[in-house]
Amino acid sequence: MPSDQEDRKPNNKLADWRDSCLLSSFALLLFLFRCLIYFRAKMNRLLRIILIVVLLAVSFMLAVWLNNDHSYTHDHRFAELSLMADMIPEEPKESIVSKFNGSSPLPPCPPTPPGLVGPLRIEFEWIRSMSDVRKASGENLQGGGRYKPLDCISQHKVAIIIPYRNRKDHLKHWLYYLHPILKRQQVDYGVYVINQHGEGTFNRAKLLNVGYVESLKEYAYDCFVFSDVDLVPMDDRNLYRCHGEPRHMASAMDKFGFQMPYTNYFGGVVALSREQYMRINGFPNNYWGWGAEDDDMHKRITLKGMAVSRPDSRVGMYKMVRHLRDTHNEVNPQNPGQLHNTARTMDTDGINSLIYSLIKIEKDELYTMIDVDIHAPN
Ligand code: UDH
Ligand code: MN
């Protein structure tokens, strides 16, 4: 572009020179004309003819020149316009058009979200009102607990799946804290609360499978975070997204003294991509009551040759709302014994054998509640 500007400078000088010539020619013409009138009587016939011829010639040249000058000015203006066009920053034509339409395409979100704050103060001391939660969390949500960043295209389409029954106060804490965190993390996400219908024995892993299927009916999620309703991260650098390996996000829970209770622990909050989840045939459907379904999930992952990744023990800190054991979710002493069968049963028990009856889907501003009958044995 600068070289182009240089090219045009001599043209401007030439224009100035032509203007001066034009003026001088006019002056000369005027002078000759006055000479003709003044010395007409004193001149002989030949001199008068010569003067008239010169006058005519100069007039003719002037007329030609004027004509040329007119076309020159025309070209010159186009040249200036094209120079201006060169100064507009290069961008694809469609984007210029769409700017005028008011819908310019957004850039991709950066790999590290810029608005993170790190360690968070989490309080569960009082019961929150739903209107307080809405005030703190509802901004810019699309309904049903859906959100997309406003100023960039998120690289992470994440369904957050929460197994649930009768934990309204815990859900309010979760929504109060998690929505602002997820927005700061620039996630394209939806919150799905999978409510086990009825009073039958609770089955956490089966509810998670239902959440996977139902969330995918709504949107092309490529990542799934499976989270207990009572667990809130204490650091927003713990990103709710998927990684190259299945991720155990709750690596430092307060109830275990911010340590792993045992090496292969895979409970609380985990993230799996669609491919990772399908590779292990989802989660087991037959762990009724409390215990061992998370160990089965871990076994499935290692049996399929994958490793588990975790945040460090600072970033992986979680606070759990203190609670008593729920009725109909008592410890099931049969569950740990099933772990011996995982290798044999995992390809036939999982997402490919999931049977449930959908009762109702309710859209709250802050979440989608999926009420489901999972055919509990009693
Ligand atoms: N859940 C419900 N409702 C239930 C049972 C479980 O929503 O009735 C869900 C909820 O998301 C919960 C998750 O399942 O966070 C896991 O269940 P849990 O919180 O009962 O599991 P945790 O390991 O508790 O935290 C163990 C029993 C705690 C006894 C403590 C006695 N000091
Ligand atoms: Mn709990």
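Heavy atoms only: backbone and side chains are in, while hydrogens, waters and symmetry mates are out. Just so you know, ligand 1 is whichever comes first in the structure, and atom 1 is the first atom listed for that ligand.
Shortest contact from atom 17 (O) of ligand 1 to any protein heavy atom: R167 NH2, 3.9 Å. Of the protein's non-hydrogen atoms, R325 N, 3.9 Å is the one closest to atom 29 (C) of ligand 1. When hydrogens are left out, the protein atom nearest atom 7 (O) of ligand 1 is R165 N, 2.9 Å; that is the closest non-hydrogen contact. When hydrogens are left out, the protein atom nearest atom 16 (C) of ligand 1 is D228 OD2, 3.5 Å; that is the closest non-hydrogen contact. Nearest protein heavy-atom neighbour of atom 14 (O) of ligand 1: F202 CE2, 3.5 Å. At the shortest separation from atom 11 (O) of ligand 1 among protein heavy atoms lies P163 O, 2.7 Å. Annotation: atom 21 (O) of ligand 1 to nearest protein heavy atom, W290 NE1, 3.3 Å.
Heavy-atom minimum distance, L171 versus V193: CD1-CG2, 3.9 Å. The two residues D222 and H156 have their closest heavy-atom pair at OD1-C, 4.3 Å.
Here's the thing with S227: none of its N/O atoms is less than 3.5 angstrom from an N/O atom of ligand 1.
Aromatic ring centres of Y240 and Y189 lie farther apart than the 6.0 Å criterion allows. Checked against the 6.0 Å centroid criterion, the rings of H179 and Y147 do not qualify as a close aromatic pair.
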* Dump the intermediate steps for ring pair (Phe, Tyr, Trp, His ring centres under 6.0 Å) on F202 and H328, then the final yes or no. => CA-CA 6 Å; F202 198 72; H328 308 295; over 10 Å; no
* Test F226 against L272 for side-chain contact (heavy atoms from CB on, under 4.5 Å), laying out the working first. => CA-CA 8 Å; F226 302 95; L272 284 91; 4.3 Å; yes
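For atom 4 (C) of ligand 1, the nearest non-hydrogen atom from the set V229, N203, D326, L207 belongs to D326.
Under a 4.0 angstrom heavy-atom cut-off, I162 registers as lying outside contact with ligand 1. Residue contact check for ligand 1: D230 places a non-hydrogen atom closer than 4.0 Å to it. Using 4.0 Å as the threshold, H170 has no heavy atom nearer than that to any atom of ligand 1. Proximity of H323 to ligand 1 is established by a heavy-atom distance of less than 4.0 Å.
The pair R204-D294 does not meet the salt-bridge criterion, since no charged nitrogen lies less than 4.0 angstrom from a carboxylate oxygen. Taking the charged nitrogens against the carboxylate oxygens, K319 and D230 have no contact shorter than 4.0 Å, which rules out a salt bridge.
Interface of M320 with ligand 1, defined as ligand atoms under 4.0 Å from a residue heavy atom, comprises 25 (O). Within the listing of ligand 1, atoms 22 (P), 23 (O), 25 (O) sit less than 4.0 angstrom from a heavy atom of K255.
Checked against the Mn ion (ligand 2), the N, O or S atom of D230 at the shortest distance is OD2.
Under 3.5 Å, the side chains of D254 and Y318 contain no donor-acceptor pair of N or O atoms.
A cation-pi arrangement, defined by a distance under 6.0 Å to the six-membered ring centre and an angle within 45 degrees of its axis, is present between R146 and Y219.
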